[in-house]
Amino acid sequence: MVEGPSAPAGEGSRSAAVGEILAIGSRPAGSGRIVLEDAPRTGEPTLRWRSRARSIDQIEQELARIWAEPNLQTIVEGEPGRHIAARTSVMNLVVIARQPEIGERCAATIQQLTGRHPSRTIICSAADPDGPSWLDAAIQAHCILPREDAPETCAELIYLTVGGESGRHLDAVVAPLLIHDLPVTVWWPGEPNLATEPARDLLGMADRLIVDGSTWSEDGLRRLGDLAALLEDSRLAISDFALIRQYRWREAIASIFDVPEFLPYLRSMRRIAVAYATHDETGAPGSTNLVKPVYHVGWLASRLKLQVERPLRPVTGTSKPARGSGPPMSRGLAATLRDGRHDVSVVVRPAVSPMPAGTTLRIELLADRRGSELRADVTAVQEAVHVRVWLDGVEELDRTFRAPRWTDVDLLAQAIEVGGREPITVEALRMAAQLAGRTAGAGPDGGGAAGEDGGDRQ
Amino acid sequence: MVPGTPGPASPGTTVEPQGAPDLTPHPAPKPKDAPRTMRDVRLAREGRRKTAPRSTANPLREGLRLERVPDPAVLVLFGATGDLAHRKVVPALYQLWRTNLLPHEFVLVGIGRREYTDESYRAEIRAALGKYARVQPVDEEAWQSFAERVCYERLDFGDADGFDALAKRLDAFDKERGTRGNRLFYLATQPSAFGEIVAQLGRVGLDHERHDGGWRRVVIEKPFGHDLDSAVRLNREVGKVFRERQVYRIDHYLGKETVRNLLVFRFGNGIFEPIWNRRHIDHVQITVAEALGVEGRGSFYEETGASRDFLQNHLLQLLSLVAMEPPATFEAEALRDEKVKVIRAVAEPRGADVERTVVRGQYGPGWVAAKSVPGYRDEPEVDGSSETETYVAARLTIDDWRWSGVPFYLRTGKRLPKRATEIAIQFKQVPHRLFQDSATEPDPNLLAIRIQPDEGIMLRFGAKIPGLGIDVRSVTMDFTYGSAFAVDSPDAYETLILDALLGDASLFTRADEVEEAWGIVDPIIAAWADAPAPDFPNYEAGSWGPEAADRLIEHDGRRWRRI
Ligand SMILES: NC(=O)c1ccc[n+]([C@@H]2O[C@H](COP(=O)([O-])OP(=O)(O)OC[C@H]3O[C@@H](n4cnc5c(N)ncnc54)[C@H](OP(=O)(O)O)[C@@H]3O)[C@@H](O)[C@H]2O)c1
């Protein structure tokens with residue numbers, strides 16, 4: 001085995017010989033006890049254990065050792081304290097982090113959930129793909145004290161850096177480290193290459209995949225297609241932060257049709273328009289992530305049981321420049337859906353905005369029933385969603401829902417809490433991929449959306 | 001729960017259970033509402049087909065927190081100036097509003113005798129929220145929009161003209177605020193006023209449900225009666241005006257997360273139900289312990305006592321949930337039918353039995369949580385020679401196939417060492433003692449369902465102590481709900497008020513349940529009335545109750561659990 005690079009993510013300045021157990025604090029010679037310098041604070045996760053390993057066997061030994069330590073108790077001010085509760089785990093959480101910073105950020109989010117969803121967490125990064133194979137692991141235990149008089153809940157965190165050829169077979173590295181019989185969730189922030197063989201192998205042992213489609217490069221629609229393909233060829237449950245985040249929009253839109261007079265218009269939808277933020281003054285398709293706006297339409301279309309007649313394509317022609325002068329603005333993408341008897345036109349169009357690129361700015365719905373027209377307009381800000389509805393041009397509804405944006409901790413908790421495949425997500429995702437023209441059936445010419453986005457970036 | 005996508009039903013498929021509305025937007029073509037299965041035919045005949053008509057289901061709601069939102073409505077809160085309104089009802093409504101769970105067209109009309117204007121009443125409840133809102137600090141923007149929906153009406157329950165005016169004002173809300181004739185009357189007053197309020201509501205026609213869909217419901221706080229006769233009388237008075245399906249009797253214990261989880265735990269897990277019976281269970285203990293005393297409600301407590309205040313409702317409700325047979329559906333009536341059957345099967349201790357199977361107690365001075373506290377008889381508004389019980393323990397049996405011979409030990413009391421609610425299922429000793437020579441014999445298995453303070457479930461089993469010999473020790477497997485963590489579980493009142501607005505009565509007590517429960521408690525109280533004066537106080541504040549309670553269970557060779 002070859003020596004790895006410097007201490008991997010998560011390991012502080014103290015590095016230790018392989019397999020040595022370090023307590024945070026000191027261990028009086030021969031006492032076999034870990035002495036804590038500070039009393040743990042209620043509700044705050046604390047690092048209670050760390051050690052290093054350079055092989056799978058060593059990692060397994062270390063994990064066993066943490067919980068086998070017979071006198072693992074805290075000593076606070078000379079008084080023997082509480083016992084640390086044995087490991088608690090409700091699942092295995094595998095994070096695929098391309099960069100150590102991403103791993104760090106994910107670890108911080110996960111720690112916030114230690115008390116609520118204690119997991120064995122394995123954060124994997126691959127390094128130096130062309131060098132020889134090696135493995136470096138930092139093993140930690142984080143504990144949280146729910147209440148003064150309660151036992152602590154602890155969960156393990158393994159930072160794994162894998163070099164060389166091994167990095168291409170993460171499944172082989174991760175498999176022996178999973179607690180069996182507990183569900184496996186793979187959280188893959190950044191840009192997952194879902195269609196590759198190694199990714200398929202890794203996902204083959206997972207029950208759930210968590211991604212964030214709104215962070216994908218270019219328009220993100222190719223990956224959306226890959227994600228939807230996983231639904232068809234595996235039993236994997238999928239959570240996308242981009243879709244979960246839209247919950248407040250969905251609730252606000254649904255609320256319009258809680259009004260009995262408006263409900264029948266749902267069956268007579270004629271137009272769905274979504275405006276999204278871009279920083280590109282031409283708004284040219286392909287440059288801004290479209291996953292969020294496409295999910296909105298995907299959700300609506302799937303709930304209303306609409307069919308894709310024609311997937312999204314760039315609208316020909318341009319509109320006025322975004323600012324008086326400057327290049328003319330793209331008119332976005334258009335698609336056609338069908339509700340049995342009628343067509344429903346879909347427009348996804350860019351608007352130059354200081355908001356993060358790809359953010360939904362506005363959703364407009366237009367329905368026409370027996371000559372009477374319902375128009376709804378939904379917008380959102382940081383803390384609220386605003387809904388307005390006009391019936392034949394007369395304003396009938398103007399409501400603001402207080403609904404703050406969710407943080408990553410909220411999103412992860414949501415993603416973890418749903419059990420199994422959730423039909424609403426499955427249908428929205430499937431429909432979104434169809435809209436993007438990215439379904440298994442649709443080849444590159446299958447009406448594919450905005451600009452081709454190059455080959456597979458490995 | 002997210003329903004699967006219902007596909008077109010093939011011939012011969014049974015329909016979804018009631019209460020799970022089929023939300024398919026475009027139903028498979030079939031003759032209009034034609035019954036398809038025997039069950040359909042039966043349900044249609046019984047007029048019980050509850051599935052929401054398709055045209056009223058909003059398909060966009062699928063998969064959201066609520067598959068249905070409450071209809072626009074006015075909530076009329078009688079007793080709006082009282083303690084319960086300030087501490088529980090209004091904070092729950094505000095929390096529901098803050099999280100967008102109330103309809104936009106919502107009005108809260110507070111009713112009391114005190115002089116308030118709409119403005120001053122709003123200020124009053126804003127102050128209460130500062131103290132009692134579950135999520136602090138109060139969100140000013142959410143409060144502002146909530147406050148716009150709050151009004152106050154000064155009204156004495158005896159004032160007939162006042163009720164006429166109220167009826168008019170409510171009609172006006174339908175026009176001005178779009179509340180569509182839906183009304184929830186919430187009776188948070190002293191119980192003696194329930195009958196009068198209901199009669200007044202009936203007199204001005206506020207009970208009538210309208211043909212165009214406006215519903216009328218009444219929520220009644222506990223205690224529901226103070227004995228069987230008064231409960232029957234009250235049920236009759238309420239029944240003269242409202243139909244049973246319009247009546248929601250609150251026992252807030254049923255709104256608690258763990259209590260609801262008890263049903264999931266029992267009927268959602270295959271491994272427990274087969275052993276949930278006399279063959280495997282030795283006995284059951286249900287404890288509802290309070291560290292508090294009577295907290296300034298001395299005069300109320302003097303007339304109530306532990307058996308009326310807790311045994312008749314909370315303890316017997318918990319017992320019925322533990323012991324009931326699995327209901328066929330999770331629908332309100334099916335669930336409550338099963339609960340009533342169990343309570344009916346409880347053998348009522350009578351006359352001389354009472355002395356053997358029920359123990360009462362009253363606390364004397366003592367120490368609780370490192371504070372010296374007075375005895376019950378020294379509390380304000382309490383008679384110096386009071387015979388009111390602040391503690392009751394009972395050994396009940398259920399005469400049915402499942403539970404015959406399994407005692408249920410129930411206890412509740414004030415000024416016990418700590419606040420704790422727990423249901424413990426004690427399993428039988430293994431049939432053959434293999435490890436008799438072990439230094440410590442394994443204890444029989446135990447399953448404890450904790451309801452407060454930290455909700456969770458604990459299972460105790462025996463394990464071998466590592467080493468060469470076979471020494472067995474009890475270990476526990478503990479599952480704690482987020483307890484102190486950021487898990488945002490709703491307060492029981494939030495759950496229950498939302499259910500009442502949605503028209504789901506599952507977690508409310510039905511008339512027959514209340515009466516059956518009084519049927520158990522009444523003879524106990526009657527036997528005490530005939531018995532010589534009790535030797536009160538018979539337990540020290542801060543202890544686990546009178547010695548007689550220990551003897552009650554020790555007589556059967558068992559012990560109370562140390563909690
Ligand atoms: N408090 C609790 O913790 C608690 C817990 C569980 C159940 N409960 C039950 O909830 C109910 C209310 O308890 P509470 O403690 O809130 O009582 P409370 O503080 O005494 O409040 C009684 C309310 O009723 C009003 N009221 C009384 N007589 C009236 C009349 N003739 N006309 C108009 N309004 C009248 C009072 O209004 P004015 O003051 O304006 O006259 C006051 O708002 C009781 O059934 C109690 O058993 C209470």
Side-chain angles (χ1 to χ4, degrees), chain A residues 42-43 70 85-86 88 90 112-117 144-151 153 247-248 250-260 262-264 266-267 299-300 302-305 339-340 383-385 387 397 399-403 409-410 413 418 420 422-428, chain B residues 1-7 23-27 54-72 97-101 103-105 139-146 178 180 212-213 418 453-454 456 466 475-488:
Chain A
T42 330
T88 14
V90 295
Q112 297 295 311
L113 290 179
T114 301
R116 189 157 162 190
H117 299 285
I144 187 161
L145 186 62
R147 260 194 353 259
E148 255 319 298
D149 54 347
T153 306
Y247 187 91
R248 58 184 194 147
R250 292 197 285 275
E251 209 166 49
I253 295 171
S255 77
I256 298 172
F257 301 97
D258 289 333
V259 179
F262 299 163
L263 182 62
L266 261 190
R267 307 261 169 269
W299 168 70
L300 269 167
S302 59
R303 296 293 18 98
L304 299 179
K305 300 278 185 275
D339 80 347
E383 291 290 318
V385 184
V387 177
L397 198 94
R399 281 181 197 178
T400 303
F401 290 86
R402 315 247 321 124
V409 177
D410 300 327
V418 282
E422 190 227 345
I424 309 298
T425 303
V426 169
E427 289 167 27
Chain B
M1 198 186 63
V2 182
T5 352
L23 298 169
T24 319
H26 294 301
R54 287 176 202 285
S55 61
T56 64
N58 176 355
L60 300 184
R61 282 251 157 232
E62 275 178 79
L64 300 183
R65 281 179 301 175
L66 291 182
E67 303 222 325
R68 211 153 53 79
V69 282
D71 301 321
W97 174 259
R98 202 181 72 86
T99 49
N100 302 319
L101 291 171
H104 187 83
E105 297 83 5
D139 174 340
E140 273 313 319
E141 244 179 272
W143 159 252
Q144 280 309 332
S145 55
F146 181 66
R180 296 177 188 251
D212 54 1
K418 63 178 180 189
D454 47 347
V475 293
T476 61
M477 216 152 59
D478 216 321
F479 165 69
T480 309
Y481 282 85
S483 58
F485 300 108
V487 180
D488 199 22

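For chain A, no part of B:D71 is nearby; none of its heavy atoms comes within less than 4.5 Å. Neither the backbone nor the side chain of A:V426 comes within contact range of chain B, judged by heavy atoms closer than 4.5 Å. Of the two parts of A:S302, neither the backbone nor the side chain holds a non-hydrogen atom closer than 4.5 Å to a non-hydrogen atom of chain B.
When atom types are taken as modelled, the side chain of B:N58 and the backbone of A:A254 share a donor-acceptor pair closer than 3.5 angstrom.
Between B:R65 and B:T99 there is a side-chain heavy-atom pair separated by less than 4.5 Å.
For the pair A:E427 and A:K305, the salt-bridge criterion is met [side-chain N within less than 4.0 Å of a carboxylate O]. Ion pair B:E105/B:R180 not flagged as a salt bridge, since none of the NZ, NE, NH1 or NH2 atoms sits closer than 4.0 Å to an Asp/Glu carboxylate oxygen.
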